[in-house]
Amino acid sequence: MRSNSSAVPVRSLSRVRTGGPYGCADCSMVATERHSRPVNQETSPPTPAPSPRERFFGRERRSVPGARAFARRVLEDWDVRGRTDDVLLCVSELATNALLHGVPPGRGFLLRLLPYADSLRVEVHDSGGGVPHVPREAPDEGGRGLLLVAGLADRWGVGERDPGKVVWCEFATVPAAPPPPTRSSPVPPGSTLRSAVPPTHASPSPARH
């Protein structure tokens with residue numbers, strides 16, 4: 001019995017000829033490749049990135065605290081650190097501005113939060129017309145909201161939608177802090193600590209004659 005000295009490589013290209021019922025006389029090149037995954041080792045799936053969250057609110061007063069509470073829950077789910085108060089305050093101002101100036105009777109607004117690698121985006125969608133802007137002079141009671149948003153957010157702006165507009169703002173976020181190191185367990189009462197260094201014994205003095 002003769003042994004075949006040409007071993008089949010792990011990755012090979014071979015031309016296959018077949019005369020099957022499909023009439024494939026000369027099929028394409030077929031590639032075979034072994035995956036580089038570890039064998040007999042447990043692997044963890046990658047952590048999925050957070051998905052955008054949104055909620056629709058009606059044209060009523062309780063929608064402003066409702067939007068703020070919804071945003072707070074989302075920030076807690078995403079473990080956002082450092083800008084929580086700024087984000088929630090801007091959500092309240094944008095929601096109030098949408099109710100007063102952007103939402104027609106019988107309509108509502110959409111609050112959407114979008115996570116990015118190093119920032120967070122807040123969007124408020126409404127179907128009203130007009131383009132909001134920060135007043136150049138001292139604002140009255142109705143113009144303080146956007147002035148506050150412009151001062152707290154890193155970026156803000158207005159986008160188009162049909163019908164209406166999207167008022168958005170963005171905040172640089174701080175990644176979640178790692179857990180603190182585990183402290184060593186205390187010494188039980190009544191026990192003593194033993195040194196890891198063996199004690200040194202003095203050599204006996206020579207006997208006197």
Side-chain angles (χ1 to χ4, degrees), residues 42-128 130-135 139 141-186:
E42 182 179 358
T43 58
S44 301
T47 303
S51 301
R53 303 272 291 274
E54 62 182 35
R55 178 165 294 185
F56 184 83
F57 295 91
R59 191 175 184 265
E60 50 190 358
R61 290 182 177 271
R62 61 180 182 179
S63 292
V64 174
R68 185 183 179 97
F70 170 72
R72 182 185 297 275
R73 289 194 301 270
V74 173
L75 297 182
E76 292 175 353
D77 292 343
W78 292 345
D79 201 13
V80 175
R81 306 291 182 90
R83 305 296 299 273
T84 302
D85 294 338
D86 294 345
V87 173
L88 295 180
L89 187 55
C90 289
V91 167
S92 298
E93 295 298 333
L94 292 182
T96 302
N97 195 66
L99 290 178
L100 294 178
H101 307 289
V103 179
R107 301 291 183 90
F109 67 90
L110 178 72
L111 172 61
R112 176 178 295 167
L113 289 89
L114 301 96
Y116 298 109
D118 55 355
S119 63
L120 171 72
R121 182 183 178 99
V122 176
E123 296 181 353
V124 173
H125 301 235
D126 67 68
S127 55
V131 178
H133 64 278
V134 177
E141 189 66 25
R144 295 179 181 177
L146 285 181
L147 185 63
L148 187 62
V149 172
L152 293 177
D154 298 314
R155 297 176 57 203
W156 81 280
V158 182
E160 297 181 356
R161 70 185 297 267
D162 188 18
K165 60 186 175 298
V166 180
V167 185
W168 58 269
C169 55
E170 293 183 354
F171 305 84
T173 55
V174 179
T182 305
R183 300 181 60 183
S184 58
S185 58

Which heavy atom of [X] sits nearest a heavy atom of [Y], and at what distance?
X: Cys169; Y: Val149; answer: CB-CG1, 4.1 Å
X: Pro104; Y: Gly102; answer: CD-O, 3.3 Å
X: Val64; Y: Ser92; answer: CG1-O, 4.0 Å
X: Thr84; Y: Val80; answer: OG1-O, 3.7 Å
X: Val124; Y: Phe109; answer: CG1-CD1, 3.9 Å
X: Asp86; Y: Leu152; answer: OD1-CD2, 3.8 Å

Kindly compute the distance separating [atom1] ([X]) from [atom2] ([Y]), expressed to the nearest 0.5 Å.
X: Leu89; Y: Arg68; atom1: CG; atom2: CZ; result: 6.0 Å
X: Leu147; Y: Glu93; atom1: CG; atom2: CD; result: 10.0 Å
X: Trp78; Y: Thr173; atom1: CH2; atom2: OG1; result: 10.0 Å
X: Phe57; Y: Leu110; atom1: CZ; atom2: CG; result: 9.0 Å

Going by heavy atoms in the side chains, are [X] and [Y] under 4.5 Å from each other?
X: Leu75; Y: Leu88; result: yes
X: Val167; Y: Val122; result: no
X: Arg53; Y: Asp77; result: yes
X: Val91; Y: Phe70; result: no
X: His125; Y: Val166; result: yes

**Asked** Does Ser63 reach the main-chain N or O of Arg59 with its side chain, forming a donor-acceptor pair under 3.5 Å?
**Response**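 No.
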**Asked** Going by the side-chain hydrogen bond (donor to acceptor under 3.5 Å, both in side chains) test, which pairs reach into residues 159-169, not counting sequence neighbours?
**Response**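 Checked against side-chain hydrogen bond (donor to acceptor under 3.5 Å, both in side chains) - neighbours excluded - the pairs reaching residues 159-169 are Asp126-Lys165.
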**Request:** Start with the C-alpha distance between Trp156 and Cys90, add both sets of side-chain angles, then the distance that settles side-chain contact (heavy atoms from CB on, under 4.5 Å), and finish with yes or no.
**Result:** CA-CA 10 Å; Trp156 81 280; Cys90 289; over 6 Å; no
**Asked** Does any pair with a residue in residues 148-158 pass salt bridge (Lys or Arg N to Asp or Glu O under 4.0 Å), and if so which ones, sequence neighbours excluded?
**Response**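 Listed once each, the pairs are Arg83-Asp154, Arg155-Glu170.
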**Prompt:** If you draw a 6.0 Å radius around CZ in Arg107, do more than 12 non-hydrogen atoms from other residues or ligands fall strictly inside?
**Reply:**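 Not buried by this count: 12 neighbours or fewer within 6.0 Å.
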